[in-house]
Amino acid sequence: MTGRFDPSQADRRWQARWEDERTFEANSTSSKPKTYVLEMFPYPSGRIHMGHVRNYTMGDVIARYRRMQGHEVLHPMGWDAFGMPAENAAMERKVHPGQWTWANIATMRRQLKQLGFALDWSRELATCDPSYYGHEQALFIDLFNAGLVYRKESEVNWDPVDMTVLANEQVIDGKGWRSGAPVERRKLSQWFLKITDFAEHLLEGLATLDHWPDKVRLMQENWIGKSRGLKFRFRLVEPTAETSEIEVFTTRPDTIFGASFVAVSPEHPIALGLAARPDAAEFIRRCKAGGTTAAELETQEKLGFDTGLEVAHPLDPDWRLPVYIANFVLMDYGSGAIFGVPGHDQRDFEFATKYKLPIPRVVAPSVAEASAPIGSEADVGHGIAVNSRFLDGMITEAAAAEVIRRAESAGWGEGTVAWRLRDWGVSRQRYWGTPIPIIHCQGCGPVPVPSGRLPVTLPEDVSFDVPGNPLDRHPTWKHVGCPSCGAAAVRETDTLDTFVDSSWYFIRFASQPADRPFDRAEAEAWLPVAQYIGGVEHAILHLLYARFWTRALQRIGRIGVAEPFKGLFTQGMVTHETYRAGDGSWLSPDEVRRDGDDYVQIATGQPVALGRVEKMSKSKRNTIDPEPILEKYGADAVRWFMLSDSPPERDLEWSEAGIEGASRFVQRVWRLATASAAHSEREDDGFERKLHRTIAAVGEAIEGLQFNKAVAQLYELVSAVEKAPPSASRAQAVRILVLLVAPMAPHLAEEAWAHLGEQGMVADAPWPTFDSSLMVDEQVTLAVQVNGKLRDTLNAPRGLDRAAAEALALASDKVQRQLDGAMPRKVIVVPDRLVNIVA
RNA sequence: GCCCCUGUGGCGGAAUGGUAGACGCGCUCGACUCAAAAUCGAGUUCCUAACCGGAGUGUCCGUUCGAGUCGGACCAGGGGCACCA
């Protein structure tokens with residue numbers, strides 16, 4: 001059984017053994033300490049890609065490591081199976097989204113199993129299965145009954161040719177991706193979840209998540225966007241039919257005397273009231289062109305329309321400000337109106353410059369600079385209030401407080417907290433999602449589907465020949481009796497955002513009774529997830545929605561956990577070159593062949609343009625299929641490569657050379673385990689030190705998810721063992737090496753473990769322990785610097801005192817040459833590390 | 001536009017404010033071999049023929065006995081921006 005390690009045999013053998021013995025099935029009633037390790041579940045796009053392999057390998061190392069430490073580990077896998085690509089496939093290939101999705105799941109399950117992950121497949125779930133989404137509907141109704149669900153009008157991207165709603169990614173340069181027609185913003189009545197009710201809790205909860213990356217907490221904090229300021233009203237000089245005042249919010253009430261205009265959103269009641277005027281209507285119509293994304297709205301040219309209306313300044317009734325309609329004011333934020341302070345806000349500055357409005361200075365670094373004009377851009381800093389009447393000379397914070405105080409006592413405004421966070425719109429005008437379990441009745445309004453009639457399943461007989469939502473045009477599905485009064489009624493035809501599906505799957509993994517979403521006690525035995533791993537692209541939306549959903553379930557008494565993910569790790573992406581054909585379409589790596597320094601499209605022989613190295617993605621088609629690689633090198637080499645070199649939080653560029661190196665390592669370990677080493681009594685204590693240091697370092701690296709460091713440590717240990725003479729301690733080191741390698745290269749480890757004559761599986765073996773007293777060396781290398789520059793290195797016994805270290809350093813020829821007779825002015829000694837002589 | 005992150009040899013990267021380049025890839029030379037593959041050994045930041053030495057962690061400035069690491073300004077690349085998942 002010596003010679004080369006043959007993964008094609010070993011992988012299959014051990015995967016079958018783990019499955020037969022149900023090695024990785026989690027026992028919810030175990031008395032061992034429980035650890036829940038979870039990676040973000042995949043969208044079943046067709047085949048697994050390297051990003052999946054990297055993500056699941058990292059989680060697998062943690063899961064196997066904890067298991068070897070004696071934990072009961074829950075490490076499940078499932079499918080985020082609803083979503084748009086299935087509908088696109090249905091349109092392009094005339095295949096039902098369900099059929100397409102389930103076929104993809106079958107393929108990807110088979111591929112994942114080839115990687116030998118320590119997964120509990122008995123808990124596998126797919127969100128497109130009624131046995132999953134039916135429970136989601138029940139939870140949605142619970143939230144509805146708790147008042148956390150409501151309906152309101154909201155804008156969507158509307159394709160006027162295809163007569164359909166477009167996702168942001170389907171809008172390219174302001175045009176629909178299929179029709180090419182300019183996209184319009186259109187209002188639809190849609191379902192929302194009241195995430196803003198939890199804004200304060202979601203913000204405060206971040207402080208408890210000390211095993212999350214700081215950057216993710218910071219991003220969520222900014223997203224929630226708590227700000228304090230003044231909400232106040234401008235009185236219209238001439239009231240309109242709709243209103244006599246305009247409410248605005250500002251975080252800088254201290255700049256109130258710097259106001260030079262008021263601007264309202266094109267959807268603001270004031271704007272809508274002016275729609276009878278042709279010029280105003282035309283402006284509003286222009287504002288509706290283009291997409292709904294923030295990036296688009298904020299980068300487009302700032303446009304304003306002078307309504308001719310005027311408001312009075314709240315602190316000076318004789319001071320009039322013009323009212324504009326402006327395309328950059330969003331109805332969804334605050335009150336849909338702002339007041340412009342061009343001197344101290346860059347966007348207002350650009351607007352005022354364009355429309356030739358005054359740009360006064362009301363904040364300055366000092367009183368002396370009060371008359372300094374505003375330059376080529378706004379001065380957004382804090383400072384001293386100037387040109388601001390009773391505020392003059394006050395610092396920004398005091399001036400803001402004073403304005404709030406006066407507003408409150410005079411009754412024209414009040415200090416308040418504003419949030420950037422908006423409620424979560426969950427309606428999608430699509431087929432392939434969880435049906436929203438609501439029935440609309442003329443008499444009773446929206447009525448939840450009674451729990452006995454759940455799940456509301458999707459009809460199978462649908463076609464995607466015409467754009468739009470097949471549920472909406474289905475001949476029978478939507479027509480039902482009202483559960484309340486029995487009158488003819490219609491089902492809601494919107495489906496839920498797929499982020500809802502992924503907001504509770506981690507609870508369902510922990511507990512999956514047939515008759516309800518989960519058992520509270522069983523779920524709480526596992527939750528929160530000890531280590532959650534996924535892409536940083538989910539840092540805000542998915543993670544915030546899952547946190548909200550969990551807190552909402554807590555509020556309605558379904559679960560006693562507030563935060564679902566105790567530890568979070570955001571891995572970097574796997575990148576690869578991109579290729580484009582002459583017509584600009586993306587080509588996948590296997591459609592391309594290298595021809596010298598150029599690339600050629602295999603099918604056509606046409607030259608291919610080499611694009612940048614980018615994140616592997618379906619849209620850029622630069623994915624590498626792991627399966628042929630797995631067949632060639634085996635699971636352990638692929639896993640090893642995924643963990644080597646690049647720090648897990650950074651991007652990893654796929655390379656053929658890297659996998660070759662990983663494969664060589666697998667063979668090196670195999671040779672060490674199988675080569676006959678004659679035993680002798682000779683011991684080498686330097687070698688033992690290396691072994692104990694490695695045990696400590698590998699464990700520490702795995703716990704810190706620094707897999708590349710664990711890999712480097714193991715390379716060093718392997719080199720040391722290879723050079724060691726045959727001995728009892730060498731044999732012991734080989735045994736420990738196999739254990740240390742096991743979480744990363746489990747098939748190799750099992751095979752080697754059996755070859756060493758050990759009992760049982762390495763998956764069940766205890767993680768090795770180390771003796772820290774055996775880790776220290778009696779000799780150290782002292783760095784000797786002169787004026788901070790390295791001049792010599794000296795060997796010295798550990799624990800040398802300062803005076804002796806200084807004397808040793810000064811005795812060095814190289815030091816004396818540098819000093820050139822000069823007297824040291826100062827000597828800095830860092831014990832056992834360094835001596836720095838300052839001359 | 002706004003928020004967040006990242007820049008170190010030919011490449012991926014390592015380095016509690018204390019010897020920059022661990023470890024791997026690649027490359028060069030050598031051993032083994034009839035030859036190759038595999039394997040093993042040595043070398044590999046740049047400048048200088050070599051020694052001595054000098055320069056060097058995106059750029060500039062600062063703090064420090066000492067900066068890849070801390071602070072400031074800038075440049076470049078990436079992620080997110082609420083209907084991709």
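A note on names: the letters A, B, ... follow the listed sequences, proteins ahead of strands, and every chain is numbered from 1.
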Participant: Which nucleotide wins on minimum distance to the side chain of A:Gln429, given the candidates B:C4, B:C83, B:A85?
Facilitator: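 Selected nucleotide: B:C83.
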Participant: Consider the side chain of A:Trp223, meaning its heavy atoms from C-beta on, and name the nucleotide among B:C4, B:A82, B:G24 that approaches it most closely.
Facilitator: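 Shortest atom-to-atom distance from the side chain points to B:A82.
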Participant: Say you pick atom P in B:U69 and the same atom in B:U16; how far apart are they, in whole Å?
Facilitator: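 The same atom, P, in both gives a distance of 13 Å.
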Participant: Would you indicate which nucleotide in B:G24, B:A22, B:A85 comes nearest to any side-chain atom of A:Ala712?
Facilitator: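 Nearest to the side-chain atoms of A:Ala712, counting from C-beta on, is B:A22.
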Participant: Has the side chain of A:Asn836 got a donor or acceptor that lies under 3.5 Å from a partner of the other kind on the base of B:C65?
Facilitator: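 Yes, the side chain and the base share a sub-3.5 Å donor-acceptor pair.
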Participant: Measuring only the C1' atom in each nucleotide, how far is B:G71 from B:G21? A whole number of Å is fine.
Facilitator: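 Each nucleotide's C1' atom is 26 Å from the other's.
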Participant: Among the nucleotides B:C4, B:A55, B:C25, which one has an atom lying closest to any side-chain atom of A:Lys789?
Facilitator: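 For the A:Lys789 side chain, the nearest candidate turns out to be B:A55.
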Participant: Of all the nucleotides listed (B:C65, B:U19, B:U39), which has the minimum atom distance to the side chain of A:Val838?
Facilitator: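 My answer, after comparing the listed nucleotides, is B:C65.
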Participant: It should be established whether A:Arg664 places a side-chain nitrogen or oxygen under 4.0 Å from OP1 or OP2 of nucleotide B:C25.
Facilitator: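 It does, given that an N or O in the side chain of A:Arg664 lies less than 4.0 Å from OP1 or OP2 of B:C25.
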Participant: For the side chain of A:Lys215, starting at C-beta, report the closest nucleotide among B:A85, B:A14, B:C5.
Facilitator: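 Output: B:C5.
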Participant: Taking only side-chain nitrogens and oxygens of A:Arg650, does any of them come within less than 4.0 Å of OP1 or OP2 of B:G7?
Facilitator: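 So the side-chain polar atoms of A:Arg650 do come within 4.0 Å of the phosphate oxygens OP1 or OP2 of B:G7, strictly under.
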Participant: So do A:Val426 and A:Phe192 actually touch side chain to side chain, heavy atoms under 4.5 Å?
Facilitator: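 With C-beta onward as the side chain, the pair stays apart.
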Participant: Both A:Val156 and A:Val711 contact RNA chain B. Taking the nearest nucleotide for each, which residue is further toward the 5' end?
Facilitator: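 In this pair, the answer is A:Val711.
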Participant: What's the spacing between A:Tyr150 OH and A:Trp191 CH2 if we round to 0.5 Å?
Facilitator: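 A:Tyr150 OH to A:Trp191 CH2: 11.5 Å, rounded to 0.5 Å.
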Participant: Taking atom P in both B:A20 and B:A15, what distance in whole Å separates the two?
Facilitator: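 Comparing P positions in B:A20 and B:A15 gives a spacing of 16 Å.
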Participant: Without swapping roles, check the side chain of A:Asp651 against the backbone of A:Met573 for a donor-acceptor pair under 3.5 Å.
Facilitator: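 Yes, because the side chain of A:Asp651 sits within donor-acceptor range (under 3.5 Å) of the backbone of A:Met573.
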Participant: 5'-most contact on RNA chain B: A:Phe82 or A:Asn787, nearest heavy atom basis?
Facilitator: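 This one resolves to A:Asn787.
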Participant: When you compare the side chain of A:Met744 with that of A:Ile702, does any pair of heavy atoms fall below 4.5 Å?
Facilitator: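 In contact.
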Participant: Checking side-chain hydrogen bond (donor to acceptor under 3.5 Å, both in side chains) between A:Arg428 and each of A:Asp497, A:Thr498, A:Thr495, which is the one that passes?
Facilitator: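 So the option named by the test is A:Asp497.
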Participant: Can you figure out which of B:G1, B:A82, B:G18 approaches the side chain of A:Ala295 most closely?
Facilitator: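 Looking only at side-chain atoms, A:Ala295 lies closest to B:G1.
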Participant: Side chain of A:Asp651 only, heavy atoms from C-beta on: which candidate in B:C83, B:U19, B:G78 is closest?
Facilitator: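 Of the candidates, B:G78 comes closest.
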Participant: Rounded to the Å, how far apart are A:Leu218 CG and B:U6 C1'?
Facilitator: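 Atom CG in A:Leu218 sits about 15 Å away from atom C1' in B:U6.
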